[in-house]
Amino acid sequence: MTATQDRKEAAQAGAGTRTINLIQAVTEALHEELQRDERVVLFGQDVGARGGVFMATAGLQATFGKERVFDTPLSEASIVGAAVGMAVRGLRPVAEIQFADYMGPGFDQIISQAAKIRYRSGGQFTAPLVIRTPSGGGVKGGHHHSQSPESYYAHTPGLKVVMPSTPYDAKGLLKAAIRGDDPVIFFEPKRLYRAAKGEVPDHDYTVRLGEAAIRREGTDLSLIGYGGVMPDLERAADALAAEGVGVEVIDLRSLVPWDRETVVQSVQKTGRAVLVSEAPRTANFMGEVAYVIQNEAFDSLLAPVTQVAGFDTPYPYVQDKIYLPGPNRITAACVQALNH
Amino acid sequence: MTQTSSLPIPSTPQPFTPQPIRYVAEDGTPVQDLPAAYTPERLRELHALMLRAREFDRKLITLLRQGRTTFYAQSSGMEATQVGLARSIRVGHDWVWPYYRDHTLGLAMGVPMFELISQCLGSNSDPSRGRQMPHHFAARKQHFVSISSSIASQVPPAAGNAMAQKYLGTDEITVCTFGDGATSEGDWHAGMNMAGAAHAPCLFVCENNQWAISTNLAGQTASETIHIKAKAYGMPGFYVDGNDIVAVMEVCAHAAQWVREGNGPALVECLTYRVGSHSNADADAEKNYRTREEVQEWLDRDPIVRVEKLLEHLGHPIDAEERARLISETHREVDEQVIRAEATGQPDWRIMFEDVYADLPGHLRIQAAELRAEQEGSAK
Ligand SMILES: Cc1ncc(C[n+]2csc(CCOP(=O)(O)OP(=O)(O)O)c2C)c(N)n1
């Protein structure tokens, strides 16, 4: 799906589009899915009366009742483990973990149970569930409220891993994740909750997992990212456009599965790739993207594939902004690739 | 600390006692004989410590509103629990694995206010070097181990700390604190079980303030109290009125002694209340999930007021002037320490790469050089 398609899709609804922010998109998706399918249940710490730490579930308990939207004890292992059990028994659980940093205590349930039950049972038992969690930095949260752990989960076969950066995608991808038959880890870039605003259609729609979005087209360089860094990619592309450089901006949206075709075709066209994520550099998911590019588009490459990432340090509190790959660092990497 | 009291020291796990142990009633009258150690002078000192902590809270909330710090978790209402615990252990000798609401415990253990404030500001004078979010202290001298945001993640390490103490043959003990919500985490059960099986000298203290953000105790566990869970892990469990500083000190001191004597771990549950919001990220506690009446009920059980009433009952009232002086002294001290800490500046980018490992490995050396070039470039 391209940016143009995004807009076309939204425009099809004509008068029926609204501008909302990313967290409102999440709330709307949850609301509509709870309404659409009685098997959908929503739970986690403080999601009920309080509406979640970021208010993503505000008002849902009042509308759908305590049996469908409920608080749990403070235990991520219980939350994820229970979600697996519910899913095996036929519900569509959507669990919230307050911060991606706190998936740790539920890690074993995610990787040993949720990710493997279909495979190990020969498909007799499945766990269609969604774990939603805010992730990433830029909010002065220190290391326990800022990490980007998506690579751990992308590394585990059996899980789908998603990270939207626009309200349109957040809503459409979350709905698709809830309706899908696999366990999905749904990362929400918390610094975009209110900062990312955009149009969504009034009608029901989904965005397929595994398709990247081309945010803008260009022929000189492919700038590829996902999640919280996307606005910075756009800023870098603006800066380069002012110098006459045509940058193609791609938002992966899903890491597992990820859209190799769109990425490879783009690099075949531009000859240059700069990959951006805010997670630490070592064993960063973008290492996989770089591998596939050099494997499948080697003959087109005019410069080495470059990665801009977080540093290999725990996320620091005071240097919160320096840690993140902002537009300057991204632009510099692009310039380097262009000058190669 | 040696103390005399009539409190029985159990040699086997205690039977379930639904009523918390109490020495001083809410109106300030003793409900059982006060041990001789609680002289008016001593009570005054405890009162001063609690009041100081309360005012520290007030001032830090102001700093938050001014945008000079970004996170704060009050302990107002819980002063008797934290000060009482601090005064029941051997500071700098025993080891403490605290949780993120424990600045009052830290203050009462003698962690300098300057260090606490420096940490909250992430200034150059922060012993934790600006790495942690505010209100997550670490103080080596006091054996106050670095606070982790991740709920209950301190419990298994505390068990290990106690196992090491046993192995090394010291007479130290380990103290591990946590909220009521933390007792739902797998880590809590794992740590309790480990300490029990290893017979490790660990004193577990639950600061049961009855709410884990918006989840109350009944939503947290079907268990009537936390302390009865001790039985399952083979250790005694005590249930204490956490707003009664005498009761907290008596029970914690005795439980600590019992642990120190090699009987294995123990659990103390202090029943208290956080009268403020969970943190600054939870401004509308009353509107969202709890009633004004409930909060008022607990405001009426204020642990500081209780000591004032007790002193009055004993014929040694604290006069209003003395109280006002204590408050203004604390406010002045906080203001001074803030100015002092801010004057040290903020740690620069270099510090980001230190302390990741014992030495700076090659890949971090490269990344640090990249950032240096970028920073020097942008400084031009
Ligand atoms: C593993 C983990 N999950 C979730 C959180 C988010 N969180 C921060 S404080 C808190 C409530 C803790 O309640 P409790 O243990 O009772 O301590 P209190 O804050 O009431 O003193 C939660 C859920 C966290 N810090 N760590």
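None of the values given here were measured: they were computed from a predicted structure. The chains referred to below are lettered A, B, ... by the order of the sequence lines, with proteins before strands, and numbering in each begins at 1.
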Practice item. Spell out the residues in residues 319-340 of chain A that have some non-hydrogen atom less than 4.5 Å away from a non-hydrogen atom of chain B, in order of number; otherwise answer 'none'. Key: Q319(A), I322(A), Y323(A), R329(A)
**Study point:** Residue, of G219(B), G130(B), A182(B), S123(B), that accumulates the most heavy atom pairs under 4.5 Å with chain A
**Key:** G130(B)
Review point. Nearest 0.5 Å, what's the NE2-OG distance between H143(A) and S149(B)?
Key: 6.0 Å
Check your understanding: Where on I213(B) is there a heavy atom nearer than 4.5 Å to chain A: the side chain, the backbone, both, or neither?
Key -> both
Review point. P314(A), S146(A), G141(A), A77(A): which one forms the most heavy-atom pairs within less than 4.5 Å of chain B?
Key: G141(A)
Check your understanding: Is chain A contacted by the side chain of A152(B), its backbone, both, or neither, given a heavy-atom distance below 4.5 Å?
Key -> neither
Review point. Who wins among Q220(B), H136(B), Q367(B), Q346(B) for the most heavy-atom pairs under 4.5 Å with chain A?
Key: Q367(B)
Review point. Under 4.5 Å, heavy atom to heavy atom, which residues of residues 67-75 of chain B contact chain A?
Key: T70(B)
Practice item. Give the intermediate values and the outcome of side-chain contact (heavy atoms from CB on, under 4.5 Å) for residues D46(A) and T215(B). Key: CA-CA 7 Å; D46(A) 304 296; T215(B) 303; 3.7 Å; yes
Point to revise | Crowding at CD, Q296(B) (>12 non-hydrogen neighbours, <6.0 Å) | key: yes
Check your understanding: Would you say H363(B) and D312(A) make side-chain contact, with heavy atoms under 4.5 Å?
Key -> yes
**Study point:** Sub-4.5 Å side-chain heavy-atom contact between Y317(A) and Q132(B)
**Key:** no
Check your understanding: Within a reach of under 6.0 Å around CZ of R65(B), are more than 12 heavy atoms found that belong to other residues, nucleotides or ligands?
Key -> no
Practice item. Flag the one option from S150(B), P347(B), A368(B), S153(B) with the top tally of heavy-atom pairs under 4.5 Å to chain A. Key: S150(B)
Exercise for review: Can you establish whether the number of heavy atoms outside M86(A) located under 6.0 Å from its atom CE is more than 12?
Suggested key: yes
Exercise for review: Anything in residues 97-108 of chain A with a heavy-atom distance to chain B below 4.5 Å? Please list those residues in order.
Suggested key: Q98(A), Y102(A), P105(A)
Point to revise | Contacting moiety of S148(B), where chain A heavy atoms sit under 4.5 Å | key: both
Practice item. Looking only at non-hydrogen atoms, find the nearest pair between P316(A) and M352(B) and report the distance. Key: CG-SD, 3.5 Å
Exercise for review: Check the surroundings of atom OH in Y233(B): do more than 12 heavy atoms from other residues, nucleotides or ligands lie under 6.0 Å from it?
Suggested key: yes
Review point. So M133(B) and K140(A), side-chain contact (heavy atoms from CB on, under 4.5 Å) or not? Walk me through it.
Key: CA-CA 7 Å; M133(B) 77 192 268; K140(A) 276 256 177 187; over 6 Å; no
Check your understanding: Distance from E76(A) atom CD to S184(B) atom OG, nearest 0.5 Å?
Key -> 10.0 Å
Exercise for review: May I ask you to list the residues in residues 273-285 of chain A that approach chain B closer than 4.5 angstrom, counting heavy atoms only, ordered by number?
Suggested key: R281(A), T282(A)
Practice item. Find the one option among P134(B), A212(B), P361(B), G122(B) whose heavy-atom pairs under 4.5 Å with chain A are most numerous. Key: P134(B)
Check your understanding: Which bit of D71(A) comes within less than 4.5 Å of chain B, counting heavy atoms only: side chain, backbone, both or neither?
Key -> side chain
Practice item. Examine whether an atom of D355(B) lies under 4.5 Å from a heavy atom of chain A, and if so say whether it belongs to the side chain, the backbone or both; otherwise answer neither. Key: neither
Practice item. Quick one: pull up OG1 in T313(A) and OH in Y357(B) and give me the separation to the nearest 0.5 Å. Key: 10.0 Å
